[in-house]
Amino acid sequence: MIHRRKKGEYGYRTYRRNVQLAEVAFGAAMILVQLAAREFTSTQAVKNVLTVMAILSVLPTANVAAPMLAAWRWKTPPETFHRRVIPYESRFPVLYDLILTSKEAVMPVDAAVVHPTGVYLYCTSDKVDARKAEKFFRDMFKAHRLDPHVHMIQSEKAFFQRLDSLKPAGEYEDDGSGDYASALLKQLSM
């Protein structure tokens with residue numbers, strides 16, 4: 001049995017993709033079954049009902065397929081990356097495999113560190129404008145009454161240098177904003 005992954009856990013993107021593929025395949029199969037069932041009835045009213053059922057089945061299937069297609073190109077980062085980040089999990093919370101969206105961009109965040117000094121996002125996409133993304137997250141965090149120190153890092157080397165420079169979160173006073181920021185990031189993620 002496949003381990004059920006939650007948002008923010010390593011492997012979530014791959015798990016979610018597999019679940020969405022199964023849901024789309026099931027939806028498509030149900031549409032085809034409903035259309036095929038039309039051939040086994042001679043009553044026009046039943047044929048009309050089966051046609052309407054098939055048409056109404058398209059919407060939920062499309063609602064699952066749309067985010068799957070939008071996030072299709074981003075996979076879970078390699079296990080070597082995950083192994084490099086694991087030691088930092090004892091020092092501060094780390095979220096993995098987030099796909100954060102704004103009006104202007106879809107941002108694949110391989111790792112997000114929620115630290116009392118700020119939120120550090122490691123984004124692998126070169127198409128994302130880091131300054132615009134930071135502004136979006138700062139505005140979002142301000143709107144939710146959180147510390148707006150958000151940094152988008154697109155270089156793996158710079159990301160790990162930043163992680164090395166951070167003190168353990170336990171050395172700071174806990175006001176609960178870290179958990180709230182983590183929850184907000186998970187909520188913003190596809």
Side-chain angles (χ1 to χ4, degrees), residues 1-25 64-102 105-130 133-134 136-138 140-141 144 146-147 149-172 174 176-190:
M1 182 168 186
I2 297 175
H3 170 69
R4 183 180 176 107
R5 304 277 182 178
K6 296 177 183 170
K7 282 185 185 178
E9 288 183 10
Y10 179 77
Y12 177 75
R13 285 184 202 158
T14 301
Y15 167 78
R16 187 69 191 139
R17 176 186 294 188
N18 292 338
V19 168
Q20 287 173 325
L21 273 172
E23 290 172 347
V24 168
V64 173
M68 179 187 75
L69 293 174
W72 186 260
R73 68 182 117 172
W74 296 294
K75 298 178 177 131
T76 296
E79 181 61 33
T80 53
F81 173 80
H82 181 234
R83 278 192 235 115
R84 281 187 69 191
V85 177
I86 287 176
Y88 297 103
E89 290 178 1
S90 62
R91 296 171 55 191
F92 33 74
V94 180
L95 301 173
Y96 297 97
D97 285 1
L98 301 174
I99 298 178
L100 303 168
T101 58
S102 71
V106 177
M107 299 163 275
V109 175
D110 287 353
V113 173
V114 180
H115 192 268
T117 62
V119 175
Y120 304 94
L121 306 169
Y122 173 55
C123 178
T124 55
S125 177
D126 295 334
K127 295 180 181 178
V128 174
D129 184 346
E134 287 175 352
F136 167 76
F137 286 115
R138 285 182 185 129
M140 182 66 66
F141 276 49
H144 285 86
L146 286 169
D147 183 10
H149 297 289
V150 180
H151 306 279
M152 177 76 68
I153 303 169
Q154 293 179 302
S155 161
E156 186 172 329
K157 181 180 177 184
F159 179 70
F160 283 105
Q161 286 175 341
R162 173 59 74 182
L163 295 185
D164 288 334
S165 71
L166 296 174
K167 294 180 184 177
E171 293 182 13
Y172 297 88
D174 184 18
S177 63
D179 293 336
Y180 187 52
S182 294
L184 178 61
L185 287 172
K186 289 179 189 178
Q187 187 179 20
L188 292 173
S189 180
M190 289 176 40

Colleague: What pairs meet the salt bridge (Lys or Arg N to Asp or Glu O under 4.0 Å) rule with one or both residues in residues 15-25, with sequence neighbours excluded?
Modeller: none
Colleague: Run the side chain to side chain donor-acceptor pair (under 3.5 Å) test against H149 and tell me which residues pass, sequence neighbours left out.
Modeller: D147
Colleague: Partners of R84 by salt bridge (charged side-chain N to carboxylate O under 4.0 Å, His left out), sequence neighbours excluded?
Modeller: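 Salt bridge (charged side-chain N to carboxylate O under 4.0 Å, His left out) check on R84 returns E156.
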Colleague: Please name all residues satisfying side chain to side chain donor-acceptor pair (under 3.5 Å) with S182, sequence neighbours left out, ordered by chain then number.
Modeller: none
Colleague: Identify, with sequence neighbours excluded, every residue that meets ring-ring contact (aromatic ring centres under 6.0 Å, His included) alongside Y96.
Modeller: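 For Y96, the residues satisfying ring-ring contact (aromatic ring centres under 6.0 Å, His included) (neighbours in sequence not counted) are Y10, H82.
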Colleague: Check ring-ring contact (aromatic ring centres under 6.0 Å, His included) between F160 and all other residues, then give those that pass, not counting sequence neighbours.
Modeller: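 ring-ring contact (aromatic ring centres under 6.0 Å, His included) check on F160 returns F81.
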Colleague: Only pairs under 3.5 Å count here: list side-chain donor-acceptor contacts from residues 105-120, not counting sequence neighbours, and write none if there are none.
Modeller:
from	atom 1	to	atom 2	distance (Å)
D110	OD1	R13	NH1	3.0
D110	OD1	R13	NH2	3.1
H115	ND1	T117	N	3.1
H115	ND1	T117	OG1	2.8
H115	NE2	K167	O	2.6
T117	OG1	Y120	OH	3.0

Colleague: Taking side-chain contact (heavy atoms from CB on, under 4.5 Å) as the definition, give me every residue that meets it alongside A25, ordered by chain and number, with sequence neighbours left out.
Modeller: none
Colleague: According to salt bridge (Lys or Arg N to Asp or Glu O under 4.0 Å), does anything in residues 180-190 pair up with another residue at least two apart or in another chain? List the pairs.
Modeller: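 Residue pairs with at least one partner in residues 180-190: there are none.
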Colleague: Partners of R73 by side-chain contact (heavy atoms from CB on, under 4.5 Å), sequence neighbours excluded?
Modeller: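 In terms of side-chain contact (heavy atoms from CB on, under 4.5 Å), with neighbours along the sequence ignored, R73 is linked to K127.
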Colleague: Who passes side chain to side chain donor-acceptor pair (under 3.5 Å) against Y12, sequence neighbours left out?
Modeller: none
Colleague: Among residues at least two apart in sequence or on other chains, which ones pass side chain to side chain donor-acceptor pair (under 3.5 Å) with Q187?
Modeller: none
